[in-house]
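Quick note: numbers below take in every heavy atom, side chains included, and nothing from hydrogens, waters or symmetry partners. One-based numbering, in listed order, for ligands and for the atoms of each.
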Amino acid sequence: MLIKDKTIKREIILEIISSIKQKKELNSISDEFVQNQLYEYLIKNTKAVPYLTKPKSKEYKLIVKEIRSILRRVYGLFRSGEETKKRKELVDSLNSVSSQKTIITQILETHSSTKERLTIYDKLYTKIFTITKKPKTIIDLGSGINPFSVPLMKLKELKYYAYDISQEEMDSLNTFFTFLHTKNSQFKGKAEMLDLLHFSTLPKADICFLFKMTDVLDKGKGHTTTEEIVKRIPSKFVVISFATRTMSGKKMTAPRRKWMEWMCTRLQYKYTIIEFPNEIFYVIEK
Ligand SMILES: C[S@@+](CC[C@H](N)C(=O)[O-])C[C@H]1O[C@@H](n2cnc3c(N)ncnc32)[C@H](O)[C@@H]1O
């Protein structure tokens with residue numbers, strides 16, 4: 001890697017990534033994502049670069065501390081160790097229990113966004129597919145555990161690609177997808193780690209989900225990142241969702257996102273809004 005004309009050896013980068021991840025709550029994040037955060041940090045803090053080779057220095061320890069703090073902000077915010085553990089146990093039990101529907105509900109209940117959607121998933125997917133027609137391929141970007149709702153889509157033939165930055169979650173999703181495939185060979189799913197801020201290619205799909213992702217992508221700096229990603233997504237339909245309640249649970253007075261509507265008009269994309277009490281979905285046709 002080259003920062004300010006200084007080449008940093010691969011081993012040095014791998015060593016610091018490993019130090020950063022030596023915290024239980026961070027050890028499942030993809031190396032690629034940690035590396036990208038580290039590069040961004042070093043580009044902004046070039047004075048830190050020479051200390052990468054001095055693991056005992058206080059400056060090195062500071063780099064590790066600061067990257068961990070960035071990771072906790074973007075990653076830790078969405079997960080707790082307890083929930084992840086419970087989810088893994090539930091996924092592992094799928095093959096041995098009779099009531100798989102109950103288990104899937106319990107899995108979806110382990111995260112607030114999917115728990116909230118339990119009462120709307122049926123209607124949501126029916127409404128989306130009425131607009132898009134039944135898809136054969138879906139990609140879910142920054143999927144979290146949303147792909148556990150695949151059975152609620154009631155689609156016979158489907159290829160599903162899920163992407164996020166947690167190895168543990170992608171492993172659980174792959175176990176789940178294998179389970180679904182044994183029940184219905186026309187379903188195929190794949191979960192992979194991908195940093196959406198640095199991706200090169202994605203598989204072609206009929207629909208792409210970007211549920212509750214724009215804040216994560218734009219990081220409070222306008223909406224160009226979301227716009228670039230939407231433009232690059234190789235699918236005709238992109239479904240983008242937003243919470244319609246504030247962090248404290250209050251209903252937003254203006255739940256619609258005007259910037260989203262302006263963006264679609266400017267790019268000549270059609271959009272349809274599907275609104276529920278806690279979440280608003282824009283079904284965009286490119
Ligand atoms: C608010 S959650 C939304 C999860 C899911 N889309 C849903 O609505 O149920 C944000 C998700 O984005 C993921 N994430 C954050 N930054 C990411 C990045 N750069 N690339 C891919 N995923 C990312 C997080 O790990 C987390 O699972």
Next item on the list: Report whether L196 and M260 are members of the same hydrophobic cluster (ILVMFWY, side-chain heavy atoms less than 4.5 Å apart, transitive linking).
Entry: yes
Notebook entry, point to check: When E25 is tested against each of R68, R72, K85 for salt bridge (Lys or Arg N to Asp or Glu O under 4.0 Å), which residue passes?
Noted result: R72
Notebook entry, point to check: Between the side chains of K212 and S113, does any donor sit under 3.5 Å from an acceptor?
Noted result: yes
Notebook entry, point to check: Would you call R117 and F276 a side-chain contact if the rule is heavy atoms closer than 4.5 Å?
Noted result: no
Check: Does a side chain donor of either N36 or E40 reach within less than 3.5 Å of an acceptor in the other side chain?
Finding: no
Next item on the list: Using the ring of F199 (Phe, Tyr or Trp, six-membered ring only), decide whether R232 places NZ or CZ under 6.0 Å from its centre and within 45 degrees of its axis.
Entry: yes
Are there any N/O pairs under 3.5 Å between ligand 1 and the protein, and if so, what are their distances?
residue: ligand 1; atom: 6 (N); partner: G142; partner atom: O; Å: 2.7
residue: ligand 1; atom: 6 (N); partner: F211; partner atom: O; Å: 2.8
residue: ligand 1; atom: 8 (O); partner: R117; partner atom: NH2; Å: 2.7
residue: ligand 1; atom: 8 (O); partner: F211; partner atom: O; Å: 3.3
residue: ligand 1; atom: 9 (O); partner: R117; partner atom: NH1; Å: 3.0
residue: ligand 1; atom: 19 (N); partner: D195; partner atom: OD1; Å: 2.8
residue: ligand 1; atom: 20 (N); partner: L194; partner atom: O; Å: 3.4
residue: ligand 1; atom: 20 (N); partner: L196; partner atom: N; Å: 2.9
residue: ligand 1; atom: 25 (O); partner: R79; partner atom: NH1; Å: 3.1
residue: ligand 1; atom: 25 (O); partner: R79; partner atom: NH2; Å: 3.0
residue: ligand 1; atom: 25 (O); partner: D164; partner atom: OD1; Å: 2.6
residue: ligand 1; atom: 27 (O); partner: R79; partner atom: NH2; Å: 3.2
residue: ligand 1; atom: 27 (O); partner: D164; partner atom: OD2; Å: 2.7

